[in-house]
Each structure stands twice: as structure tokens, then as C-alpha cells.
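Positions are given from 1 along the sequence.
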Amino acid sequence: MRIGFYTLGCKVNQYETEAMKEKFIAAGHEIVGSLGEDDSLLVPADAYVINTCTVTNMADRKSRQFIRRAKKLNPDSIIAVVGCYAQVDPDAVSKIEGVDIILGTNEKIKIFEVLEKEFSARSDGSAAPFIDIIPRDELSEYMSDGIIKAMESRTRAYIKIQEGCDRFCSYCIIPIARGPVRSRSEDEIIEEARGLVAAGFKEIVLTGINTALYGLERVASASEGTSVDAIAGASTSTALPPLRILLDKLAGIPGDFRIRLSSLEPNVMKAEDVLAIVGAEKLCHHLHLSIQSGSNNILKAMNRRYTREEYLDIVCALKDFDPYFAITTDIIVGFPGETEEDFRDSIELVKFAGLSKVHVFPYSARKGTVAAEMENQIDSEEKKRRAKILSDVAEEVAANFHDECLGKTVTGLFEEIHDEYMTGYTDNYIRIYAEKEESLLNELVSVELVELHKDGVLARPVI
């Protein structure tokens, strides 16, 4: 069978697509695509597996576009729709002409067996779709995707360590799509990391739906009568957080590699918790800490469970730990009820924190969330205006951060060659450009940061 895999959404989805692909490759099937986001890049196949995202209404729309275009490319193909959109709205997916298989977030790993069965029993395609969705309240255990051995990138490998979220931010559908917190076993994570390092990957990125919650449901279970909520909200005790224990064990794997955390949520961790984690050996000095708004009023409406002051406590603690520690973030503009003063609070926070990158998102109402029913929804043109203003500020602040790092010698990992340059990232996630030298690709190299260039910095290898 020729199978096309197409992935929308987050790094967790990308990881899960890789896990699905490897099962088909091991059985001798041909993988003809694993692209995402652009449905014009679909190629002819006998079957398509579309790993969907549902974080916004636009993500749902893109998922539908992939499905329809795939069926148009090959009307006889089998269409399997898996993941978050399938989980949240299987009825809507089943109504899309041509869909044969619908698997939720927990069931997508069954795709190999389900698709092979569908292919061997194929009739005239008139039967109703096969649907397998486990409701959120029945999800209690981490379902292993197996041990993956490769990624499309030659240098950076993602490892999923955790699934689910219990935070229920008022704008977010993901706790419904992904279910409650479930953590992967330490042994399986370490086995996978060991294999990826042995295969030559130089950066291991730990990812999950809310990585800061890793292992906390086990701590809660061991503390009879204590909830994950209470564990997450408590100050750090003398015991190390489960995530730090995992990081220490990963750092003990032989090999020349570094570890990066894809994100930590400030609605789970206080400054002392974060400091207990970032001191781990081999861990990159970069964290993605999603603030979402610089206004306490809006943070409360978002149900984010922290204040701007608590967020800045984390920022200041990280900068005390390392003045060049990179902090990236997400900010939503135009959330229901956001005033000009609230918006200015976000601008001022970006400036004060010296963030190295800000992903700016105009608020998008998501059916099924509390925020979608709130009063004082903001006009779309006003959201665009605020997004442009904040994006311009964020670019200036990022350039300032890059400028402050000039003259430093840091560790870089060159990943690709583009035109006359090879490109990659420093451990504090500055994009670097250097003259082509293929022998330095996929190697951790000391580089001197020389001058600002495009969206990053020109770097000179120090050999």
C-alpha cells in the first residue's frame, strides 16, 4: 500500500505521526508523504491518514480541506481521519464525503491494524465510517505509541513524555480533545532517547500536551486524597519534581547531545519549581512559557491561575540563573473584554521581560469553550490591529535580545543548508547563519555570535 500521512498542529501530533508511520514501514508499506499545513502538497496514494488539529476553528477547516483534496486526488483511496478534530467532533467528520475511518486521540495508534483490515475488506465504499472514540472520562492510562527510531529531521528528535491536560483554560478545547493527565513511563522514554542518540540525533526535545504536569498524577495517586490540581499548585518541597528526575536520567545517556523542553506552563509551576528543573545537565537554556496575556484581568478571565507578577517572578529567576536565558511565549490579543489598558499591559510585559520570541494570536472563539460564550467579543479588525502592533514590538524586543548576545561564544547545532548559509540554533534558541561547511552539519559546535542577520545572528564556528 502507498500511504500518505499529513499532519496538522503541534509537535505532539508530529511525534504521533512518526509513530504511526513506523508501524507501516516495518510491515513493508510505502510512505509517500508526511507533509503538513499545505494541502496543495498532497500526492496520490492508496490511503491517506490525516492527523488533525482542533485548537481553532481554522484548524478544523484545514482538516476538512485535506480530507476533500485527498479524496479528489484518488477517489478510490481510503481516508482515515485521526486525532483531535476526530475526537472532539466525530459526527461532523463522519458527514464529510469519503471518510472511511475515524479514530480519536487515544485510538490513533491502532491505525495500522484498522487500515489493513479496511483495505483487505474494501467493498464499494458505501458503508458508514468505522469510528473508535474513547470518551474523556474513560481515559485513565497512557497509551504507548511504541518506541520510535527516527524523525524527518536529521538532527532534532521529539520524544512525547506526557498526554492530556486538566487546566481547562476558558479559551481552550485541548483538555476535551486530549483527555486527563497521563504520563509515559520513565523506562520507555529513556529507551527511546537512548536509541535516538545512538542513531545520531544531537538534540532531544521533550514534548507533551502540558509537559510541566509530567508525573504529577503518580505523585497525587501516591498521596491518598490529593489531586493533581493540589500537587501542581503547591510550592516545591525538598523532593525533586518528576520532570527533573527524568531529565537527570536522560542526561546520563552516553553520547554528545543536548536536551530541550518544548514548553512549560506557568499555570502549573512557580519560580522555585522552574529553577529546580532548569539546572539539569545538558538542558538548553531556553523555555517556552506561555503567558497568553499581560493583564491580570484577562488572565483571570482565561482561567490561567497565575498573575503577571507570578509570571515575571519566573522570568526574573531565569535571568538571574543565566542573563542570556531565552524565554519565548504565546500571547492572545482581542480576548473577550480586553480593553486598551489590558492590551497595553501585554505590550509592557513583553518589553520588561526581554522575550526572545513572541507568537501573537488574534483570539478565535472555539465552540465548546467558556470564552466562546462570553460577552464583549472584540471586532476582528481590532484584533488584527492589536496583533500587528504587538508583533512589531515583539520583533524589536527579540532583536534587542539577539544584540545583547553578540560577542558571546555558545554552542550551536547546524541543521540545514539554505543558499549560501548553513543554519541552525544555539542552545538558547537563537537562529544562527554561518558559511557552508558540510562537515559541521548535525554537530554541536562552539560558535561566536558576530552580528544581527535576518531573523537571527551570523555565527563564526570556533574550531
Exercise. Should E340 and R385 be marked as a salt bridge (charged side-chain N to carboxylate O under 4.0 Å, His left out) after you check the CA-CA gap, both sets of side-chain angles, and the distance that decides it?
Worked result: CA-CA 12 Å; E340 277 295 327; R385 183 188 74 85; 2.5 Å; yes
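- A salt bridge between K117 and E113 is absent, with no side-chain N of the basic residue lying under 4.0 Å from a carboxylate O of the acidic one.
- Between the side chains of R64 and Y85, a donor-acceptor pair is found at a separation under 3.5 Å.
- Put simply, the side chain of F321 does not reach to within 4.5 Å of the side chain of V274, judged on heavy atoms.
- Minimum heavy-atom separation, S290 to D330: OG-OD2, 2.8 Å.
- Applying the side chain to side chain contact (heavy atoms under 4.5 Å, CB included) test between V393 and each of K351, E348, K388 identifies K351 as the sole match.
- For F335 against M374, the heavy-atom pair with the smallest separation is CE2-SD, 3.8 Å.
- Between Q162 and T211, the side chains place no donor N or O within less than 3.5 Å of an acceptor N or O (distance only, hydrogens not considered).
- Side-chain contact between D320 and L275 is absent, with no heavy-atom pair separated by less than 4.5 Å.
- For the pair D60 and R366, the salt-bridge criterion is met [side-chain N within less than 4.0 Å of a carboxylate O].
- Between F5 and I31 the shortest side-chain heavy-atom distance falls below 4.5 Å.
- Salt-bridge annotation for K160 and E16: present, with a side-chain N of the basic residue lying under 4.0 Å from a carboxylate O of the acidic one.
- The aromatic rings of Y429 and H286 lie parallel to each other, with less than 30° between the two planes, well short of the 60° mark.
- Counting heavy-atom neighbours within 6.0 Å of F352 CZ, excluding the residue itself, gives a total of 12 or less.
- Here the options are R305, R304, R167, H288, the test is side chain to side chain donor-acceptor pair (under 3.5 Å), and the partner is E265; only R304 passes.
- Put simply, the side chain of S77 gets close to the backbone of N74: a donor and an acceptor are under 3.5 Å apart.
- With respect to the salt-bridge test (charged N to carboxylate O, under 4.0 angstrom), the residues D132 and K110 qualify.
- The side chain to side chain donor-acceptor pair (under 3.5 Å) with T7 is formed by just one residue from the set T17, N51, T52; it is T17.
- Of the possible polar contacts, one joining the S262 side chain to the L206 backbone as a donor-acceptor pair under 3.5 Å is found.
- The pair K72-E97 does not meet the salt-bridge criterion, since no charged nitrogen lies less than 4.0 angstrom from a carboxylate oxygen.
- Between R344 and E338 there is no salt bridge, since no side-chain N of the basic residue sits under 4.0 Å from a carboxylate O of the acidic one.
- Annotation for Y311 and T329: closest pair OH-OG1, 3.4 Å, computed over non-hydrogen atoms.
- The minimum heavy-atom distance linking G456 with Y433 is given by the pair N-CE1, 4.2 Å.
- Ring-centre distance between F401 and Y324: not below the 6.0 Å cut-off.
- Nearest heavy atoms, Y142 versus S183: CB-O, 3.5 Å.
- Residues E188 and S144 have side chains that bring a donor and an acceptor to within less than 3.5 angstrom of each other.
- No side-chain heavy atom of I174 sits less than 4.5 Å from a side-chain heavy atom of N210.
- Contact check for F66 versus V81: no side-chain heavy atoms found under the 4.5 Å cut-off.
- A donor and an acceptor atom, one from each side chain of D342 and T339, are located under 3.5 Å apart.
- Of all heavy-atom pairs between V397 and L355, the closest is CG1-O, 3.3 Å.
- Residue K300 qualifies as open at atom NZ: its count of foreign heavy atoms under 6.0 Å is 12 or below.
- In this structure the side chain of S140 never reaches within 4.5 angstrom of the side chain of R182, judged on heavy atoms.
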For this session: Carefully, step by step, assess C169 and N267 under the rule side-chain contact (heavy atoms from CB on, under 4.5 Å).
Result: CA-CA 10 Å; C169 298; N267 60 6; 3.8 Å; yes
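- Ion pairing between K21 and E18 holds under the 4.0 Å rule for side-chain N and carboxylate O.
- Contact of the S293 side chain with the M302 side chain is registered, since non-hydrogen atoms from C-beta on lie closer than 4.5 Å.
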